[in-house]
Amino acid sequence: MQSARDALLWKLEGLSEYDIRRPATPTGTNLLGLVKHAASVELGYLGVTFGRPSGEPLPWLADDAEANADMWVTADESREYIVELYHRAWAHADATIDALALDTVGKVPWWASGKDEVTLHHAVTRVIADTHRHAGHADIVRELMDGAVGMRKGNVGVASEDPAWWETYRGRLEQAAREAGRRVTPDRVQ
């Protein structure tokens, strides 16, 4: 979970206030909004669910909040506030994990009654998956902005740091896609 947390925050480094907030997809996905959402998820699933509320005010999760309010950051919410909130969420979530056995049962208040019980193990697994999923979103958004990819600077898992190599590679993929698109298959007539 920590590697995904760190990756989400790394995606903010070196970017302007505008770039970390701007909607990069048709559904508005943005880097700082992903961090705000991840903090909210940790405080909910690994706090409130197990009777361990953090005391953090989260007005974007109130019953009267607008839809998706946890997925973007207002002009009045600073980068520093959201990053610090995420750090506090980590500490709170980690304290819950340290304090409780993995088979401890909690109740997820936003799930339907009668289907709202979850073990800490399940909640941790859910949060790990959610955080990694959003770190992947952040990776793509950041790549589209300035080409930065990977889970951290100097990521050895990236094939090359040479833009010319990537241009050649992308060209090969484009050519393969075009060739495949011209082929007639039994289920598709051109």
Side-chain angles (χ1 to χ4, degrees), residues 1-42 44-46 60 66-75 77 79 82-83 85-87 89-90 93 108 110-111 118 121-190:
M1 184 159 48
Q2 190 60 51
S3 66
R5 290 166 168 168
D6 292 339
L8 270 173
L9 290 185
W10 177 64
K11 296 304 173 183
L12 304 176
E13 287 183 21
L15 293 179
S16 69
E17 287 298 315
Y18 170 75
D19 283 336
I20 63 172
R21 297 163 186 270
R22 69 179 165 114
T25 68
T27 58
T29 302
N30 63 92
L31 295 171
L32 195 56
L34 289 170
V35 174
K36 181 180 181 179
H37 172 73
S40 303
V41 166
E42 288 204 32
Y45 279 105
L46 300 176
W60 51 85
E66 69 177 87
N68 269 5
D70 67 321
M71 297 297 292
W72 65 283
V73 179
T74 69
E77 295 169 327
R79 173 196 314 235
I82 297 299
V83 169
L85 173 68
Y86 197 27
H87 283 161
W90 298 356
V108 183
W110 52 93
W111 288 5
V118 62
H121 180 265
H122 179 104
V124 168
T125 302
R126 176 180 286 272
V127 172
I128 290 170
D130 189 70
T131 307
H132 276 278
R133 178 175 179 247
H134 292 311
H137 293 143
D139 199 32
I140 292 168
V141 167
R142 181 68 189 256
E143 180 180 359
L144 291 171
M145 286 183 184
D146 68 0
V149 297
M151 292 188 69
R152 63 190 167 279
K153 191 167 184 68
N155 185 349
V156 295
V158 178
S160 176
E161 291 188 22
D162 177 15
W165 185 91
W166 284 108
E167 187 175 335
T168 300
Y169 173 77
R170 190 179 183 290
R172 288 182 45 228
L173 273 60
E174 180 66 29
Q175 182 61 35
R178 289 182 185 280
E179 287 176 21
R182 288 191 293 267
R183 292 200 179 120
V184 175
T185 60
D187 61 334
R188 183 174 59 101
V189 178
Q190 289 185 336

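Below, each value reflects all heavy atoms present in this structure, side chains not excepted, and no hydrogens, waters or symmetry copies. The structure displayed is predicted, hence computed values, not measured ones.
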### Query
Run the side-chain contact (heavy atoms from CB on, under 4.5 Å) check on Val35 and Lys11 step by step: do they pass?
CA-CA 10 Å; Val35 174; Lys11 296 304 173 183; over 6 Å; no
### Query
Can you list the steps and then say if Asp139 with Val149 is a side-chain contact (heavy atoms from CB on, under 4.5 Å)?
CA-CA 6 Å; Asp139 199 32; Val149 297; 4.1 Å; yes
### Message
Test side-chain contact (heavy atoms from CB on, under 4.5 Å) on Thr27 and Asn68; report intermediate values, then the result.
### Response
CA-CA 10 Å; Thr27 58; Asn68 269 5; over 6 Å; no
### Task
Apply the test side-chain contact (heavy atoms from CB on, under 4.5 Å) to residues Leu31 and Arg21: give CA-CA distance (whole Å), side-chain angles for both, the deciding distance (0.1 Å), then the verdict.
CA-CA 6 Å; Leu31 295 171; Arg21 297 163 186 270; over 6 Å; no
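Between Gln2 and Trp90 there is a side-chain heavy-atom pair separated by less than 4.5 Å. For the pair Lys36 and Leu32, the minimum side-chain heavy-atom distance is 4.5 Å or more. A 4.5 Å side-chain heavy-atom check between Val73 and Ile20 finds every atom pair outside the cut-off. At a threshold of 4.5 Å between non-hydrogen side-chain atoms, the residues Leu46 and Met1 count as touching. Two residues are said to be in side-chain contact when any heavy atoms from C-beta on lie closer than 4.5 Å; Leu8 and Thr131 meet this criterion. Using a 4.5 Å heavy-atom cutoff, the side chains of Val141 and Asn30 are not in contact.
Ile128 contributes atom CD1, which lies 16.0 Å from atom CZ of Arg133 (distance to the nearest 0.5 angstrom). The distance from the OG1 atom of Thr25 to the CG atom of Leu144 is 10.0 Å, given to the nearest 0.5 Å. A distance of 11.5 Å separates CG in Leu173 from OG1 in Thr168, rounded to the nearest 0.5 Å. A distance of 10.0 Å separates CZ in Arg5 from NE2 in His132, rounded to the nearest 0.5 Å. Atom-to-atom distance recorded for Glu174:CD and Arg178:CZ is 4.0 Å, nearest 0.5 angstrom.
Here the closest non-hydrogen pair linking Met145 and Asp19 is CE-O, 2.9 Å. Between Asp70 and Ser40, the shortest heavy-atom distance links the atoms CB-OG, 4.3 Å. Residues Ala148 and Arg142 come closest through the heavy atom pair O-CG, 3.6 Å. In this structure, Ala135 and Ala7 approach most closely via the heavy-atom pair CB-CB, 4.3 Å. Minimum interatomic distance between Ala89 and Glu42 (heavy atoms only, all atoms of both residues): O-OE1, 3.7 Å. A pairwise comparison of heavy atoms in Ala159 and Trp165 identifies CB-CH2, 3.5 Å as the closest pair.
Sparse packing is recorded around NE2 of His121, with 12 or fewer heavy atoms of other residues, nucleotides or ligands lying under 6.0 Å away.
Under a 3.5 Å cut-off, the side chain of Arg126 and the backbone N or O of Tyr45 do not form any donor-acceptor pair.
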